[in-house]
K.L.:
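Can you keep this structure in mind? I'll have questions shortly.
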Amino acid sequence: MTVINTGWDEETDVVILGCGGAGAVAAITASDAGTRVVVVEKGEGGGNTRLATMAFLCPTNNSAAREHIKALSFGMLGEDIIDVYVEWTSRNIDYIRQLGGEVEKCFPDASFPALPGSETMLRYRVKAKVEGELGGESLWNLLSENLARRKIPVYRHTIAKTMIRFGDEVVGVTTQRNGKPFNIRARKAVVLASGGFEYNEDLKREFLAGYPI
């Protein structure tokens with residue numbers, strides 16, 4: 001997608017498209033690294049994270065965990081990708097605590113216990129502050145608190161329309177805000193966190209049994 005820019009309505013360091021769990025964490029991380037961040041969200045925010053009913057994995061960081069992921073992916077993932085996955089997901093509990101949250105153990109652990117290394121796949125959830133709160137809601141509320149604490153602007157009900165490029169470089173994004181075009185310049189990066197399979201109607205129609213559930 002390429003357009004010629006005719007003027008910027010706002011400038012920042014990083015623009016993040018989508019304010020679900022991935023977008024919120026990206027915004028928090030970028031802000032903590034000392035950059036100015038703007039988040040663009042077409043709805044209220046929360047994405048699939050807010051709708052999640054249970055928990056997250058925080059695997060044991062060892063060779064057995066790597067064997068499990070290798071078996072889970074039918075050997076199609078490279079060792080470097082598996083190493084990165086296990087290394088960083090094993091820090092999930094520490095990250096939640098850094099954000100000011102608490103965790104509690106959930107069961108069952110591995111979704112596929114018959115595969116080798118399944119004992120390393122440990123499942124937790126963010127401890128609820130309100131009775132009856134789902135795991136995803138608790139995590140999303142924690143992330144929302146951290147966005148607010150850092151005063152990160154989140155432009156809700158704002159639709160990302162087009163990437164703005166200068167040559168081969170992405171330099172910003174055109175959005176639709178209050179029914180009008182709104183161009184945001186990104187001096188460092190545009191991060192796409194705008195949803196995956198669950199928000200792609202074509203993919204769901206083709207691959208999801210029982211669509212439109």
K.L.:
Gly21 and Leu143: which non-hydrogen atoms are nearest, and at how many Å?
P.N.:
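It is CA-CD1, 3.9 Å.
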
K.L.:
With clusters defined by side-chain heavy atoms of hydrophobic residues (ILVMFWY) lying less than 4.5 Å apart, directly or transitively, does Leu142 cluster with Leu57?
P.N.:
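Result: no, two separate clusters.
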
K.L.:
Can you tell me how far CD1 of Ile164 sits from CD of Glu169, rounded to the nearest 0.5 angstrom?
P.N.:
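Here the interatomic distance stands at 12.5 Å.
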
K.L.:
Roughly how far, to the nearest 0.5 Å, is the CD1 atom of Ile82 from the OG atom of Ser63?
P.N.:
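With rounding to 0.5 Å, OG (Ser63) is 12.0 Å from CD1 (Ile82).
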
K.L.:
Can a donor-acceptor pair be found, under 3.5 Å and without considering hydrogens, that links the side chain of Ser31 to the backbone of Ala27?
P.N.:
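Side chain of Ser31 to backbone of Ala27, a donor-acceptor pair under 3.5 Å: no, none is there.
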
K.L.:
When hydrophobic residues are tied together by side-chain contacts of less than 4.5 Å, even through go-betweens, does Ile159 share a cluster with Phe182?
P.N.:
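No; tracing contacts between hydrophobic side chains, which count when under 4.5 Å, never links both residues.
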
K.L.:
Might you work through the side-chain contact (heavy atoms from CB on, under 4.5 Å) test for Asp83 and Trp88, ending with a clear yes or no?
P.N.:
CA-CA 9 Å; Asp83 286 345; Trp88 286 96; over 6 Å; no

K.L.:
Closest approach of Ala186 and Val15, non-hydrogen atoms and distance?
P.N.:
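Here Ala186 and Val15 meet closest at CB-CG2, 3.8 Å.
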
K.L.:
With side chain to side chain donor-acceptor pair (under 3.5 Å) as the criterion, how do Arg205 and Asn200 come out once you've worked through the C-alpha distance, each side chain's angles and the decisive distance to 0.1 Å?
P.N.:
CA-CA 9 Å; Arg205 273 191 291 269; Asn200 188 312; over 6 Å; no

K.L.:
Any side chain to side chain donor-acceptor pair (under 3.5 Å) involving residues 148-158? Give me the pairs, sequence neighbours left out, ordered by first then second residue.
P.N.:
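Passing the test, one end in residues 148-158: Glu10-Tyr155, Asp32-Arg150, Glu44-His157, Asn146-Arg149, Asn146-Arg150.
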
K.L.:
Nearest 0.5 Å, what's the CZ-CG distance between Phe56 and Leu122?
P.N.:
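Between Phe56 CZ and Leu122 CG, I get 10.5 Å after rounding to 0.5 Å.
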
K.L.:
Can you confirm whether Asn178 is buried at CG, in the sense that more than 12 heavy atoms of other residues, nucleotides or ligands lie under 6.0 Å from that atom?
P.N.:
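12 or below, so no.
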
K.L.:
Show the nearest heavy-atom pair for residues Met121 and Pro59, with the distance to one decimal.
P.N.:
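Closest heavy-atom pair between Met121 and Pro59: CE-CB, 3.5 Å.
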
K.L.:
Rounded to the nearest 0.5 Å, what separation is found between the CG atom of Leu208 and the CG atom of Leu203?
P.N.:
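Going from CG on Leu208 over to CG on Leu203, the span is 10.5 Å.
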
K.L.:
Between Leu17 and Met163, does a side-chain contact (heavy atoms from CB on, under 4.5 Å) hold up when you go through it step by step?
P.N.:
CA-CA 11 Å; Leu17 307 183; Met163 294 292 187; 4.0 Å; yes

K.L.:
State plainly whether one hydrophobic cluster holds both Val190 and Val14, where clusters connect Ile, Leu, Val, Met, Phe, Trp and Tyr through side-chain heavy atoms under 4.5 angstrom apart.
P.N.:
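No.
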
K.L.:
Could you tell me whether Glu79 and Lys70 make a salt bridge, using a distance below 4.0 angstrom between a side-chain N and a carboxylate O?
P.N.:
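Salt bridge between Glu79 and Lys70, a charged N being under 4.0 Å from a carboxylate O: yes.
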
K.L.:
Just so I know, are the side chains of Lys105 and Asp109 near enough to count as touching, which here means a heavy-atom distance under 4.5 Å?
P.N.:
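Heavy-atom side-chain distance check passes, below 4.5 Å.
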
K.L.:
Ignoring hydrogens and angles, state whether a donor on the side chain of Arg66 or Asn61 is under 3.5 Å from an acceptor on the partner side chain.
P.N.:
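Side chains of Arg66 and Asn61: pair found under 3.5 Å.
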
K.L.:
Would Lys204 and Phe207 count as a cation-pi pair here, with the cationic atom under 6.0 angstrom from the ring centre and within 45° of the axis?
P.N.:
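Relative to the ring axis of Phe207, which defines the angle, Lys204 lies outside at least one limit.
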
K.L.:
With respect to Asp13, which candidate in Arg187, Lys188, Arg185, Arg36 satisfies the salt bridge (Lys or Arg N to Asp or Glu O under 4.0 Å) definition?
P.N.:
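Of the listed options, the one satisfying the test is Arg187.
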
K.L.:
To check you understand the geometry: which heavy-atom pair defines the closest contact between Ala128 and Glu133, and what is its length?
P.N.:
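Smallest heavy-atom distance, with atoms named: CA-OE1, 3.5 Å.
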
K.L.:
Would you call Asp94 and Arg91 a salt bridge, using N to O less than 4.0 angstrom?
P.N.:
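A salt bridge is absent here (no side-chain N lies under 4.0 Å from a carboxylate O).
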
K.L.:
So Cys19 and Lys42, side-chain contact (heavy atoms from CB on, under 4.5 Å) or not? Walk me through it.
P.N.:
CA-CA 9 Å; Cys19 195; Lys42 71 176 181 180; over 6 Å; no

K.L.:
Same cluster or not: are Tyr95 and Ile152 linked, directly or through other Ile, Leu, Val, Met, Phe, Trp or Tyr residues, by side-chain heavy atoms under 4.5 angstrom apart?
P.N.:
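Linked, Tyr95 and Ile152 end up in one cluster.
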
K.L.:
Would you call Glu119 and Pro113 a side-chain contact if the rule is heavy atoms closer than 4.5 Å?
P.N.:
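SC-SC contact between Glu119 and Pro113 ruled out.
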
K.L.:
Quick one: pull up CG in Leu77 and CD1 in Ile69 and give me the separation to the nearest 0.5 Å.
P.N.:
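Leu77 CG to Ile69 CD1: 8.5 Å, rounded to 0.5 Å.
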
K.L.:
Check Glu102 with Arg97, please: is the shortest side-chain N to carboxylate O separation under 4.0 Å?
P.N.:
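Salt bridge flag = no for Glu102 with Arg97.
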
K.L.:
Quick one, Val38 with Ile184, criterion side-chain contact (heavy atoms from CB on, under 4.5 Å). Give me CA distance, side-chain angles, the key distance, then yes/no.
P.N.:
CA-CA 9 Å; Val38 167; Ile184 308 174; 4.2 Å; yes

K.L.:
Can you check whether Tyr85's main-chain N or O pairs, donor with acceptor, with Thr89's side chain at less than 3.5 Å?
P.N.:
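Indeed, once roles are kept as given, a pair shorter than 3.5 Å links the two residues.
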
K.L.:
Hey, does the side chain of Thr175 reach the backbone of Ala160 with a donor-acceptor pair shorter than 3.5 angstrom?
P.N.:
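Absent.
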
K.L.:
Distance-only, no hydrogens or angles: does the Asn92 side chain make a donor-acceptor pair with backbone N or O of Cys58 under 3.5 Å?
P.N.:
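Judged by distance alone, no pair lies under 3.5 Å.
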
K.L.:
Find the distance between CG (Asn62) and OG1 (Thr120) and round it off to the nearest 0.5 Å.
P.N.:
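That separation rounds to 6.0 Å.
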
K.L.:
For the side chain of Glu137 and the backbone of Leu134, is there at least one donor-acceptor N/O pair under 3.5 Å apart?
P.N.:
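Yes, the answer is positive, given that a donor and an acceptor are paired below the 3.5 Å cut-off.
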
K.L.:
In terms of hydrophobic clustering (I, L, V, M, F, W, Y; side-chain heavy atoms under 4.5 Å; direct or indirect links), are Val191 and Val154 co-clustered?
P.N.:
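Yes, Val191 connects to Val154 through the hydrophobic network.
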
K.L.:
Which heavy atom in Ala193 sits nearest to a heavy atom in Ile16, and how many Å separate them?
P.N.:
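In terms of heavy atoms, the two residues are closest at CB-CG2, 4.5 Å.
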
K.L.:
Between Glu41 (side chain) and Gly43 (backbone), is there a donor-acceptor pair under 3.5 Å?
P.N.:
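Checked: pair present.
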
K.L.:
Kindly give the heavy-atom pair with the smallest separation between Gly45 and Trp140, and that separation in Å.
P.N.:
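That closest heavy-atom pairing would be C-CZ2, 3.8 Å.
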
K.L.:
Donor-acceptor pair, distance only, cut-off 3.5 Å: does the side chain of Thr35 make one with the backbone of Ala30?
P.N.:
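Yes; judged by distance alone, with no hydrogens or angles, the pair exists.
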
K.L.:
Test Ser138 against every option in Glu104, Arg50, Arg125, Lys127 by the side-chain hydrogen bond (donor to acceptor under 3.5 Å, both in side chains) rule and name the one that passes.
P.N.:
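Only one option passes, and that is Arg125.
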
K.L.:
Counting N and O atoms only, with roles assigned by atom type, does the side chain of Thr174 sit under 3.5 Å from a partner on the main chain of Lys161, one being a donor and the other an acceptor?
P.N.:
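Between the backbone of Lys161 and the side chain of Thr174 there is no qualifying donor-acceptor contact (under 3.5 Å).
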
